[in-house]
Amino acid sequence: MIVISYIEWSDDTIKQFRRTLLTWYDENKRDLPWRKDTDPYHVFISEIMLQQTQVNTVIDYYLKFIEAFPTVFDLAQAPEDELMAVWQGLGYYSRARNMQAAAKQIVLDYEGHWPKTAKELEQLKGIGPYTSCAIASIAFGEVEPAIDGNAFRVFARLLKIEDDIAKPKTKTLFYNIVKKIIDPDRPGDFNQAIMDLGSSYMKAKNPIIEQSPVYEFDASGQEGTYLDYPVKTKKKPPQKIPYYAFVIKTPTGYLLEKRPQTGILANFTMFPLIKKSDVEKEAIVDYFKANYSVELAHIEVDDSQKVTHTFTHQQWQINFVKADLVRFNNANFIEVNEKELYQLNLSALQKKMNNILA
DNA sequence: AATACGTGGAC
DNA sequence: TGTCCAAGTAT
């Protein structure tokens, strides 16, 4: 049996670590728009946006979002197209829908008053173990460690934790370890300090370990093995899938498809996309008529241009097919003119295709 | 437990 | 270009 072990700190070391970390944080914390106060709505919006998304990307979206929806009541009442207008381009679009569902829960179930514990917050849509602890600690001072990618990396390096962070079980181990280390007097600042540390001196690539304010506590740093941490099994590369995107001309513009309510790029209006493996070149007209009640003419497969769009788990390799619309009878398809094609709420992929055709 | 779910930046 | 990363959650 393999025994996986890690460095354990004495109570004294833990106290010194807290003091060192928070002293550094007080003098060097990043000036971010969501750090101007600890309003739970502000913390909530920023934490949802920051899921799997870099700080630099989030800043502009956050400012626009708070301007458009200043309170949880505004968000709860927002029309979906206005919500998506602000979110478009940020990715992971179910976050936006779940966020509004959570806002409705706050308004309807809690009369606008946020619950103050991680346990209650985790019951809200889109709020999981990390986000619930982040909001509870930052907005309400609950002593809960927020275990995100930064916390995994920072504590794996400091304590030489060998467990694979890709495994769900490992999150519990880190939670229990950090629960003993987190500062009970300043839990929100402690969590945010770990994140600032993890995105600067202890970032994943090109860290500056020797200059780190907590170098004296850094076991892997001192022995020069910090790049071995955290231990994480590799994900399999995205599956390559060839697609056709259909640029269907109508007398006044283009024919677009409203995508299904579930799955990738749900609800977005886009050029119809069909896997090449689902249709032979010669059978495209029949395919559209049989599956969509859309009649096409003047099919022209264009192999000269290719758009590649990589998602987390799929890479779409897209060629265009140009065609003219004869008629259609399908509520999931809509005609848009040239102007509307650029004004709709669009995914990054559709914008990429628009730019290539422009 | 394993997979679906976006995007843009860094090297 | 390929690969990995960035404040995860839902199923």
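What you are looking at is a predicted structure, and each value in this text was computed from that prediction instead of being measured.
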Members of residues 223-235 of chain A that approach DNA chain C, where some heavy atom sits under 4.0 Å away: A/K232, A/K234
Sugar-phosphate only, base, or nothing, as touched by A/W34 at under 4.0 Å among non-hydrogen atoms: base
Side chains of A/Q350 and A/L341 in contact at under 4.5 Å (non-hydrogen atoms): yes
Sugar-phosphate, base or nothing in reach of A/R30, heavy atoms under 4.0 Å: base
Stem segments of DNA chain B by first residue number [Watson-Crick or G-U, under 3.5 Å, at least 3]: B:2-5 with C:8-11, B:7-11 with C:2-6
Sugar-phosphate, base or nothing in reach of A/I48, heavy atoms under 4.0 Å: nothing
Side-chain N,O (A/R95) to OP1/OP2 (B/dG6) below 4.0 Å: no
Contacting residues from residues 50-63 of chain A, given that a heavy atom lies under 4.0 angstrom of DNA chain B: A/Q52, A/T53, A/Q54
Sugar-phosphate only, base, or nothing, as touched by A/L32 at under 4.0 Å among non-hydrogen atoms: base
Under the ring-ring contact (aromatic ring centres under 6.0 Å, His included) test, residues paired with A/F246 that sit two or more places apart: A/F288
Close residues, residues 171-192 of chain A, relative to DNA chain C [heavy-atom separation under 4.0 Å]: none
Sugar-phosphate only, base, or nothing, as touched by A/P129 at under 4.0 Å among non-hydrogen atoms: sugar-phosphate
Could you give the side-chain donor-acceptor pairs of residues 326-336 of chain A under 3.5 Å, partners two or more places apart or in another chain?
residue: A/R327; atom: NH1; partner: A/E295; partner atom: OE1; Å: 2.7
residue: A/R327; atom: NH1; partner: A/E295; partner atom: OE2; Å: 3.1
residue: A/N330; atom: OD1; partner: A/N332; partner atom: N; Å: 2.8
residue: A/N330; atom: ND2; partner: A/Y292; partner atom: O; Å: 3.0
residue: A/E335; atom: OE1; partner: A/T250; partner atom: OG1; Å: 3.1

Sugar-phosphate, base or nothing in reach of A/T131, heavy atoms under 4.0 Å: sugar-phosphate
